[in-house]
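Structure first, then comments.
A note on names: the letters A, B, ... follow the listed sequences, proteins ahead of strands, and every chain is numbered from 1.
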Amino acid sequence: MKKIISIFIILTLILVTTGCWDMVEINQRLFPYSIGVDLNEGEGARYVITISYPNINAIGKNATQKDRVYIVSTIASSVFEGIRQLYTRLPYELYFKHLRVVVLGKNLIEDEKTIREIMDGMNRDFIINKKVRLVVAEDKAKDLLLFVPESKRQEVIDGTIFTMLRESKDTSRYTPKTITDFISDTDISNVTIVPRAIPNEDDIKFFGGAVFKDYSFIGNIGEIDNRGILLMKGKVKKALIDAHFEDVSISYQITASKLKREIIKDGNLKIKLKIETEGTLEEYIQKEKVEANNLKKLEEMEKAIEKAIKDEVDNILEILQKKYKADAIGIGEHISKFHPKLWKEVSKDWDQIFSEADIEIEVDAKIRRRGLMQ
Amino acid sequence: MQENDKLSTKQIRALVVSTIVGIGILSLPNRVSLIQGNDGWISIILAGLLILPIIAVINKIFELYPNKNFYQIGNQVLGKWVFYIFLLVWLSYQISLISYLSRNLGELLKAFLLETTPTEVLIISFILTTSYMSRSEIQIIGRAAYHIYPIIVGFVILLILVSLTSVDFTNILPLFQSNMKNLPKSIATTFFSYIGYEILLFSIPFSEGKEKISNACMVGVGIVILIYIIVFLLTLSQYGIQSLQRQSFPTLSLIKEIDLPGFFIENLDGLVMAVWVLVIFSTMAPIYYSAGKTLSYLFRTKEHRLFILPLMPIIYKLSLYPQNMIELDELLGKFINYSGLVVVVLMPITIFCVGYFKTRRDKT
């Protein structure tokens with residue numbers, strides 16, 4: 001009798017405990033790559049939410065459909081409200097674990113409150129991956145996303161925008177920013193820079209950045225400026241510098257850069273930034289005689305390169321100090337970490353002190369290799 | 001051959017580690033940093049060091065009265081009524097701690113893994129699983145802990161490996177800039193993450209090699225301190241102090257940050273939640289067991305397993321009583337903190353002091 005009862009219990013357990021009663025097949029889920037957020041300029045609610053996701057039926061050998069990317073858009077009062085609204089128009093559920101990119105529209109970023117709202121929503125959500133990349137569209141985020149299918153080179157699996165952001169880690173013309181980076185940059189130095197994106201003829205171009213100070217947009221910087229800022233942070237991994245040397249232009253490929261900061265406090269704040277770069281000579285000029293072969297010549301070249309770098313850096317430093325009053329080069333962070341006592345004095349009106357600080361740039365460029373030619 | 005009804009020193013060490021490491025590992029960095037800022041690691045170390053003398057005291061108690069279990073000692077030393085008061089506080093502490101753990105687990109599992117499963121079902125099934133374990137004797141719990149212990153250590157090692165690519169260790173700076181007046185408060189907060197070592201009160205009488213036990217316990221606490229410090233420093237250097245103060249579960253968020261080159265490994269939070277369930281299980285089972293033991297002493301029964309299932313509805317009701325996570329911390333968390341001080345600090349010390357003088361008097 002006991003045996004029968006226990007067998008019966010086991011059998012009922014099989015009925016009750018196995019199987020996934022709420023399982024979802026992978027093709028019954030939509031995995032959006034990117035969300036675009038714009039302010040609504042027409043009638044109705046506040047935002048225009050645009051979502052793009054891959055069409056799984058168009059991938060692979062036996063693709064049954066042609067459109068590779070689907071883009072849907074709606075007007076809503078918040079990002080998550082927009083997602084809810086889209087559920088009523090889509091066949092399956094949207095699942096945001098693999099969201100890669102958030103595109104912010106031009107008209108949206110000028111309002112501090114909206115940026116704070118979006119950041120908080122993204123960060124608070126359990127599902128959204130915190131490595132989502134941020135991009136600022138030069139015009140409307142919706143237009144940028146709508147342009148993606150027209151772009152010639154497409155990446156269906158990961159999304160075109162994300163692939164470009166991920167694969168171009170080496171460039172110094174823009175710096176990819178994740179949500180976590182955005183928030184921790186703002187926490188630490190109150191300033192962060194998000195790459196800008198613009199639809200080009202038949203592709204999408206990323207460049208420079210939009211400068212955010214305390215979550216509000218204060219201005220744009222170009223791609224060369226971004227490189228200057230990276231040099232002042234010591235974070236350049238690869239960059240090509242053009243310098244004038246004896247009537248020709250020489251190209252210098254930076255392969256590593258280092259930065260030393262020195263803070264001197266007497267009366268006015270004095271900061272010395274020493275930028276050290278290593279690199280190779282990429283291009284000089286074809287001559288009959290061997291020229292790039294003696295040390296003296298190389299030293300002269302290094303001088304010319306140093307000057308080119310210094311000009312570039314000085315230029316953007318001037319913009320940051322005088323125009324934006326934004327410490328995007330991590331000096332405040334450095335002081336707060338290594339000179340905490342000084343930081344207690346200056347942190348209160350750091351923006352003002354930064355803009356008046358005497359920042360001296362010193363560049364030390366080394367040509368380590370000069371290629372195959374002598 | 002190893003005796004089957006004895007706990008080896010290795011098992012005791014594993015029991016200490018797996019019982020102490022619990023809820024705290026997810027939220028401790030945030031709690032400490034809110035009070036102590038960048039210097040939270042100081043209070044983690046200090047709170048850990050404060051535990052060591054208490055563990056020494058617990059060991060001494062069993063040296064004073066060998067071959068007796070904790071209840072007999074307490075009864076003999078403190079007298080029936082005083083010890084009963086302690087036991088009642090202890091019982092309420094145990095029950096609220098179990099409820100606190102199961103509610104926390106239910107809420108987090110619902111948020112991260114099982115969105116559509118009701119919290120009630122999660123809590124009931126978890127309490128049921130744990131009750132099965134806690135019906136067994138301490139030797140078996142010790143053996144289970146011995147197997148869960150490598151998982152905890154492995155989890156921390158994994159955490160270090162995967163986050164090394166993205167952390168910025170300068171975020172730990174500046175050192176020693178926080179207000180040291182907050183230190184007592186932050187130690188009190190950290191202390192909450194160290195409770196659970198009272199399981200030694202049950203396990204020491206069953207251990208083999210009595211002279212090595214004290215050492216094993218100390219090593220166990222040392223490992224816990226190390227784990228907490230590693231987790232704190234990693235989360236701090238990943239997020240910087242302000243972001244850390246905003247994250248409610250920084251350790252989990254740290255896992256979500258993983259972005260290894262080749263992007264083969266990402267979105268590991270599901271896996272980590274699964275490991276974390278084991279961690280909570282290994283914390284809850286010994287405490288559930290000790291609640292059963294306390295009740296069986298109060299009612300003078302031989303078996304503690306009689307009381308495990310009847311405790312279930314009480315724990316279930318209590319765990320569902322708070323409206324949300326904040327209220328859970330306000331009500332149960334605070335109660336556990338204060339009653340924990342009485343039970344795991346005051347009780348062993350009182351028993352030891354009184355017992356010490358009594359045995360001296362008896363000798364002379």
Q: Measure from NZ or CZ of A:Arg29 to the centre of the six-membered ring of A:Tyr95, then state whether that distance is under 6.0 Å and the direction lies within 45° of the axis.
A: yes
Q: With a 4.5 angstrom heavy-atom cut-off, could you sort out which part of A:Ile179 is near chain B: side chain, backbone, both or neither?
A: neither
Q) Is atom OH of A:Tyr87 surrounded by more than 12 heavy atoms (other residues, nucleotides or ligands) closer than 6.0 Å? A) yes
Q: If the plane angle is over 60° it's perpendicular, under 30° parallel, otherwise tilted; pick one for B:Phe192 and B:Tyr100.
A: perpendicular
Q: Please look at A:Ser184 and chain B and tell me whether the side chain, the backbone, both or neither of the residue comes under 4.5 angstrom of a heavy atom of that chain.
A: both
Q | Residue part contacting chain A, namely of B:Asn38, when any heavy atom lies under 4.5 Å | A | neither
**Q.** Over 12 non-hydrogen atoms of neighbours within 6.0 angstrom of CZ in A:Arg116
**A.** yes
